[in-house]
Amino acid sequence: MFSEPRSGRLAAWGNALLAGLISPDDAVHEIVGDDAVHRVEGLPGESAPVGLTLGLGRLRTLGVSGLRVALPAPGHPLGLSGPPEFNARAIDAEEAVICHGAAFGLVPEVYEAGPDGDVHVEVVWQVLSVREAPPADVPSLGEAERELAEGLREATEVLSRLDVSGSGPVAEAAIDAYRARAERGREVLAPGYPPRAVRVLELAQRVGLLVSLARENGHGGAVSSAEMGARTEALRPVERVARRAQVAAYNAYVEERERGAR
């Protein structure tokens, strides 16, 4: 099932912390979410992993003034700027956080431990050097909003025509339930983000959930290889649009600060 990327939580609430809009304890609570613990490894001057509170503080002292998100996939280094070693780690994890103000990036390593029924998740953010360059293929919020509206309409039409079970009332009910859980549990974005970023992220999450449902519900009514291939082709571009929009939304805080500084 579609879920919020950990890199998105780290960037959004980390940005709010760096801006002095929330306390360190509140930031860590929101970033960790349902996980057991997050640590940061590879910080300059630290020989062992440190807690998230200390890690974020150390990044600030190293010159980090903002955090961006990358959500890459094979063949699509979305939000990355290199070097190849970092890109490869980020693509393998399918996400990363890129620091603004200092040439560092963070890639999550996720570990599960405990018996069945009582599994807890621990996350270690590996700090690596990155290339200071414009991130790849990140749209503006306006571009992302337009792409999402068109992509959602086209994908829904194609999936409905193929009788895919992720495109009808079942999907709508799942989306509504997902949004209700999100509204009860956490804000969509942290304080300091523009309202348009919130709108774009909400729609991107809706599109991402639609794609997830369509993939998880088997082949629906598509019984021939041609029909299954058509569904895959319908999902691929809209999934790409949803990832681009999520990155645009999470990165809006840093982008706005940069525009204001010019």
What heavy-atom pair brings Val247 and Val138 nearest, and what distance separates the two atoms? CG1-CG2, 3.7 Å

Those residues that, when tested against Glu41, pass side-chain hydrogen bond (donor to acceptor under 3.5 Å, both in side chains) (two or more places apart): Gln126

Quick check: do Glu4 and Gln246 have side-chain heavy atoms less than 4.5 Å from each other? no

Tell me the closest heavy-atom pair linking Pro191 and Ile22, and the distance in Å. CG-CG2, 4.1 Å

Identify every side-chain donor-acceptor pair in residues 47-60 under 3.5 Å, counting partners at least two apart or on other chains, and give the distances.
unit_1, atom_1, unit_2, atom_2, d
Arg58, NE, Glu46, OE2, 3.4
Arg58, NH1, Thr61, OG1, 3.2
Arg58, NH2, Pro44, O, 2.3
Arg60, NH1, Leu18, O, 3.3
Arg60, NH2, Leu17, O, 3.3

In the structure I gave you, are the side-chain heavy atoms of Arg68 and Glu255 within less than 4.5 Å of one another anywhere? yes

With sequence neighbours left out, what residues match Val241 under side chain to side chain contact (heavy atoms under 4.5 Å, CB included)? Glu147, Leu148

Candidate pair His76 and Arg240, rule side-chain contact (heavy atoms from CB on, under 4.5 Å), full reasoning: CA-CA 9 Å; His76 188 208; Arg240 185 184 184 105; 3.2 Å; yes

Test Leu189 against every option in Trp13, Tyr253, Tyr250 by the side-chain contact (heavy atoms from CB on, under 4.5 Å) rule and name the one that passes. Tyr250

Could you list all the salt bridge (Lys or Arg N to Asp or Glu O under 4.0 Å) pairs where at least one residue sits in residues 188-199, not counting sequence neighbours? Glu145-Arg196, Glu145-Arg199

Does any part of the side chain of Glu94, heavy atoms only, come nearer than 4.5 Å to the side chain of Pro72, both counted from C-beta? no

Within the 4.5 Å heavy-atom criterion, are Ser7 and Leu71 side-chain neighbours or not? yes

Leu62, Val40: one ILVMFWY side-chain cluster at the under-4.5 Å cut-off? yes

Under a 3.5 Å distance rule, please check whether Arg244 uses its side chain to pair with a backbone N or O of Asp137 as donor and acceptor. yes

Applying side-chain hydrogen bond (donor to acceptor under 3.5 Å, both in side chains), can you list everything that pairs with Ser23, at least two apart in sequence or on another chain? Asp26

side-chain hydrogen bond (donor to acceptor under 3.5 Å, both in side chains) partners of Asn15, counting only residues at least two apart: Tyr193

Would Val127 and Trp125 show up in the same hydrophobic cluster when neighbours are defined by side-chain heavy atoms closer than 4.5 Å? yes

Side-chain heavy atoms under 4.5 angstrom apart, residues restricted to Ile, Leu, Val, Met, Phe, Trp, Tyr: same cluster for Val130 and Val97? no

Using a 4.5 Å cut-off on heavy atoms from C-beta on, say whether the side chain of Pro115 contacts that of Asp118. yes

Please enumerate all residues that pass salt bridge (Lys or Arg N to Asp or Glu O under 4.0 Å) together with Arg243, with sequence neighbours excluded. Glu239

With the side chain counted from C-beta on, respond yes when His100 and Ile98 share a heavy-atom pair under 4.5 Å apart, and no when they do not. no

Can you name the residues that form a salt bridge (Lys or Arg N to Asp or Glu O under 4.0 Å) with Glu143, not counting sequence neighbours? none

What verdict does the side-chain contact (heavy atoms from CB on, under 4.5 Å) test give for Val37 and Arg39, after you've listed the backbone C-alpha separation in whole Å, the side-chain angles of each residue and the deciding distance to 0.1 Å? CA-CA 7 Å; Val37 66; Arg39 297 184 178 89; 3.5 Å; yes

Can you list the residues that meet the side-chain hydrogen bond (donor to acceptor under 3.5 Å, both in side chains) rule with Arg6, with sequence neighbours excluded? Asp35

Nearest non-hydrogen partners of Val69 and Ala11, listed with the distance: CG2-CB, 3.4 Å

Restricting to ring-ring contact (aromatic ring centres under 6.0 Å, His included), what partner residues turn up for Phe104, sequence neighbours left out? none

Heavy atoms, side chains only, cut-off 4.5 Å: are Cys99 and Leu106 in contact? yes

List the atom of Val64, the atom of Leu67, and the distance in Å for their closest heavy-atom pair. CG1-CD2, 3.9 Å

Considering only distance and modelled atom types, tabulate donor-acceptor pairs under 3.5 Å from the side chains of residues 77-91, sequence neighbours left out.
unit_1, atom_1, unit_2, atom_2, d
Ser81, OG, Arg131, O, 2.7
Asn87, OD1, Gly82, N, 3.1
Arg89, NH2, Glu109, OE2, 3.4

How close do Val207 and Ala242 get, heavy atom to heavy atom, and via which atoms? CG1-CB, 3.9 Å

Can you list, by chain and residue number, the hydrophobic cluster partners of Val124 when the side-chain cut-off is 4.5 Å? Tyr111

State which residue, out of Val121, Val32, Val28, fulfils the side-chain contact (heavy atoms from CB on, under 4.5 Å) condition with His38. Val32

All heavy atoms of Ala190 vs all of Ala12, minimum pair found to be CB-O, 3.3 Å

